[in-house]
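Structure first, commentary second.
Chain letters run A, B, ... following the sequence lines, proteins first and then strands; every chain starts at 1. No experiment lies behind these values; they were computed from the predicted model shown. Heavy-atom basis, side chains included; hydrogens, waters and symmetry copies ignored.
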Protein chains: 2
Amino acid sequence: MSTTKRNTWQREAVRARLAEAQGFVSAQQLYSVLRDEGSTIGLATVYRNLAQLTEAGEADSLQSLDGENLFRSCSTGHHHHLICRSCGETREIKASVVEEWASRVGAEHGFSEIEHVVDLFGVCERCRSKA
Amino acid sequence: MSTTKRNTWQREAVRARLAEAQGFVSAQQLYSVLRDEGSTIGLATVYRNLAQLTEAGEADSLQSLDGENLFRSCSTGHHHHLICRSCGETREIKASVVEEWASRVGAEHGFSEIEHVVDLFGVCERCRSKA
DNA sequence: GAGCTTGTTGCGAATCGTTCCCATCAAGGT
DNA sequence: ACCTTGATGGGAACGATTCGCAACAAGCTC
Ligand SMILES: [Zn+2]
Ligand SMILES: [Zn+2]
Ligand SMILES: [Zn+2]
Ligand SMILES: [Zn+2]
């Protein structure tokens with residue numbers, strides 16, 4: 001039979017902290033938070049579970065401008081993000097315009113299995129007024 | 001007086017190899033190529049020059065799906081890319097639709113200083129037929 | 001509950017890309 | 001030829017992520 005997934009308190013912990021975090025967080029951040037509250041979870045486990053959750057569609061991931069992998073709890077379908085460079089606040093964005101554009105352009109060039117990376121970074125209102 | 005930029009054969013070498021490469025290349029790849037043809041250039045220098053060229057608008061950079069920084073010689077204005085996951089072939093893409101969308105969405109959410117990351121990855125015709 | 005199978009975990013070692021440090025080198029102006 | 005100072009190389013240092021593996025434990029069977 002196919003490999004069965006097991007439920008561990010570790011995965012639950014990751015899922016939970018990920019869910020209560022607003023905006024995107026890195027594996028390392030999540031790890032720190034967990035260890036700080038006394039958890040004995042391992043770093044590799046955090047990475048493994050984040051990867052799993054992402055794969056399962058329970059989480060969403062993207063690369064920050066400086067190449068770090070960030071994650072966010074998410075259940076709704078495909079969408080993109082607008083992230084504040086300063087405070088990390090995130091807005092989910094539906095962009096059918098872009099989706100269409102992506103597949104059209106891909107097709108026009110004879111490319112298949114198109115994947116796209118579309119993220120917006122900026123400075124939110126609150127952060128701007130602080131400066 | 002202000003800091004003056006000097007011209008070195010190293011920068012010229014990087015610029016040259018970058019220019020003759022089709023598609024995006026990583027700093028490490030460029031370094032290997034250069035060393036293989038006998039150059040004594042240092043890895044750090046390759047990184048430094050790629051960064052400079054990028055900053056100067058002579059090169060274009062993006063992150064591959066697995067987080068590596070890739071570079072490509074380029075002189076024309078702002079544009080995006082469609083890259084073959086298999087062979088690395090690249091097509092430059094002008095997407096005013098996306099540009100407009102990006103700034104509009106940013107503004108609608110009260111964000112300023114919007115930057116966007118928009119890249120398409122797929123498999124080109126040639127690579128597809130090989131499989 | 002005991003026992004077994006096998007997905008999971010924790011931890012340290014190992015990668016990998018990239019940046020730092022710093023003594024030495026050399027481009028460009030005098 | 002002579003300085004000033006940006007640039008270089010190379011090895012150490014880094015930060016993020018992955019590996020390897022023995023110990024562990026979730027879920028199933030009896
Ligand atoms: Zn903000
Ligand atoms: Zn999309
Ligand atoms: Zn191809
Ligand atoms: Zn653009």
Side-chain angles (χ1 to χ4, degrees), chain A residues 1-18 21 24-56 58-72 88 117, chain B residues 1-18 21 24-56 58-72 83 88 117 119:
Chain A
M1 60 195 78
S2 58
T3 53
T4 314
K5 284 250 194 297
R6 293 174 184 175
N7 300 315
T8 63
W9 62 265
Q10 285 93 332
R11 174 170 306 121
E12 205 40 59
V14 170
R15 207 201 310 271
R17 294 299 160 290
L18 184 62
F24 282 81
V25 279
S26 69
Q28 309 267 359
Q29 290 179 308
L30 223 48
Y31 174 66
S32 299
V33 172
L34 287 165
R35 296 298 284 212
D36 286 349
E37 36 176 64
S39 174
T40 62
I41 197 172
L43 176 57
T45 301
V46 173
Y47 273 100
R48 283 187 288 240
N49 282 315
L50 283 175
Q52 262 188 219
L53 290 173
T54 301
E55 204 174 347
E58 284 189 63
D60 209 8
S61 80
L62 60 77
Q63 289 179 27
S64 68
L65 287 176
D66 54 286
E68 200 175 1
N69 268 89
L70 304 180
F71 303 83
R72 186 192 193 195
V117 177
Chain B
M1 61 191 77
S2 58
T3 52
T4 312
K5 286 250 194 296
R6 293 175 185 175
N7 299 316
T8 64
W9 62 265
Q10 285 94 332
R11 173 170 310 123
E12 205 39 58
V14 170
R15 207 200 310 271
R17 296 297 160 291
L18 184 62
F24 282 80
V25 279
S26 68
Q28 311 263 1
Q29 290 180 306
L30 223 48
Y31 174 66
S32 300
V33 172
L34 286 165
R35 296 298 283 211
D36 287 349
E37 36 175 64
S39 174
T40 62
I41 196 171
L43 177 57
T45 301
V46 173
Y47 273 101
R48 282 186 290 240
N49 282 314
L50 283 174
Q52 262 186 221
L53 290 173
T54 301
E55 204 174 346
E58 284 190 60
D60 210 7
S61 82
L62 61 76
Q63 288 180 28
S64 69
L65 287 175
D66 53 287
E68 198 175 3
N69 269 91
L70 304 179
F71 302 83
R72 186 190 192 197
I83 303 118
V117 178
D119 294 301

Which heavy atom of A/Thr54 sits nearest a heavy atom of A/Ser61, and at what distance?
CG2-OG, 4.0 Å

A/Leu70 has an atom CG; how far is it from atom C1' of D/dT17, in whole Å?
14 Å

To the nearest 0.5 Å, what is the distance between CG (A/Asn49) and CD (A/Glu58)?
10.0 Å

Which whole-number value in Å describes the distance from B/Gln29 CD to C/dG17 C1'?
12 Å

Examine distances only and state if a side-chain atom of A/Glu37 and a backbone atom of A/Leu34 form a donor-acceptor pair shorter than 3.5 Å.
no

Need one value for B/Asp66: base, sugar-phosphate or nothing, where a base atom within 4.0 Å counts as base even if backbone is also close, heavy atoms only.
nothing

For B/Leu65 and C/dC16, give me the distance from atom CG to atom P, rounded to whole Å.
19 Å

With a non-hydrogen cut-off below 4.0 angstrom, is A/Arg11 in contact with a base, only sugar-phosphate, or nothing?
sugar-phosphate

Below 4.0 angstrom from OP1 or OP2 of D/dT17, is there any side-chain N or O of A/Asn69?
yes

From the set C/dC11, C/dT19, D/dA7, return the single nucleotide nearest to any side-chain atom of A/Arg48.
C/dC11

Nearest-Å distance for atom pair CD/P, residues B/Gln28 and C/dT19:
11 Å

Trace of the side-chain contact (heavy atoms from CB on, under 4.5 Å) decision for B/Phe71 with B/Asp60:
CA-CA 6 Å; B/Phe71 302 83; B/Asp60 210 7; over 6 Å; no

Side chain to side chain contact (heavy atoms under 4.5 Å, CB included) with A/Glu12: which residues, sequence neighbours excluded?
A/Arg15

Give the intermediate values and the outcome of side-chain contact (heavy atoms from CB on, under 4.5 Å) for residues A/Val117 and B/Leu65.
CA-CA 9 Å; A/Val117 177; B/Leu65 287 175; 3.9 Å; yes

Taking only N and O in the side chain of B/Tyr47, is any of them less than 4.0 Å away from OP1 or OP2 of C/dT19?
no

Going through the distances and angles, do B/Leu18 and B/Val25 end up as a side-chain contact (heavy atoms from CB on, under 4.5 Å)?
CA-CA 8 Å; B/Leu18 184 62; B/Val25 279; 3.7 Å; yes

Could you give the distance from CD (B/Glu68) to CG (B/Leu62), rounded to the nearest 0.5 Å?
10.5 Å

Listed pairs under 3.5 Å, donor-acceptor, residues 38-47 of chain B side chains, sequence neighbours left out:
{"unit_1": "B/Ser39", "atom_1": "OG", "unit_2": "B/Ile41", "atom_2": "N", "d": "3.2"}
{"unit_1": "B/Thr45", "atom_1": "OG1", "unit_2": "B/Arg48", "atom_2": "NH2", "d": "3.2"}
{"unit_1": "B/Tyr47", "atom_1": "OH", "unit_2": "B/Gln28", "atom_2": "NE2", "d": "3.0"}

Does any residue of residues 31-44 of chain A have a heavy atom under 4.0 Å from DNA chain D, and if so, which ones, in number order?
A/Leu43, A/Ala44

With a 4.0 Å cutoff (strictly under), does any side-chain N or O of A/Gln10 reach OP1 or OP2 of D/dA25?
no

Base versus backbone protein contacts along nucleotides 25-30 of chain C [heavy-atom cut-off under 4.0 Å; B, S, -]:
-BBS--

To the nearest 0.5 Å, tell me how far B/Arg6 CZ sits from B/Thr4 OG1.
8.0 Å

Side chain to side chain donor-acceptor pair (under 3.5 Å) involving B/Ser64 - partner list, sequence neighbours excluded
B/Asp66

Just report the end-to-end axis angle for the helix from C/dG1-D/dC30 to C/dT30-D/dA1, five pairs per end, to 10 degrees.
30°

Rounded to the nearest Å, what distance is computed from the CG atom of residue B/Asn49 to the C1' atom of nucleotide D/dG9?
12 Å

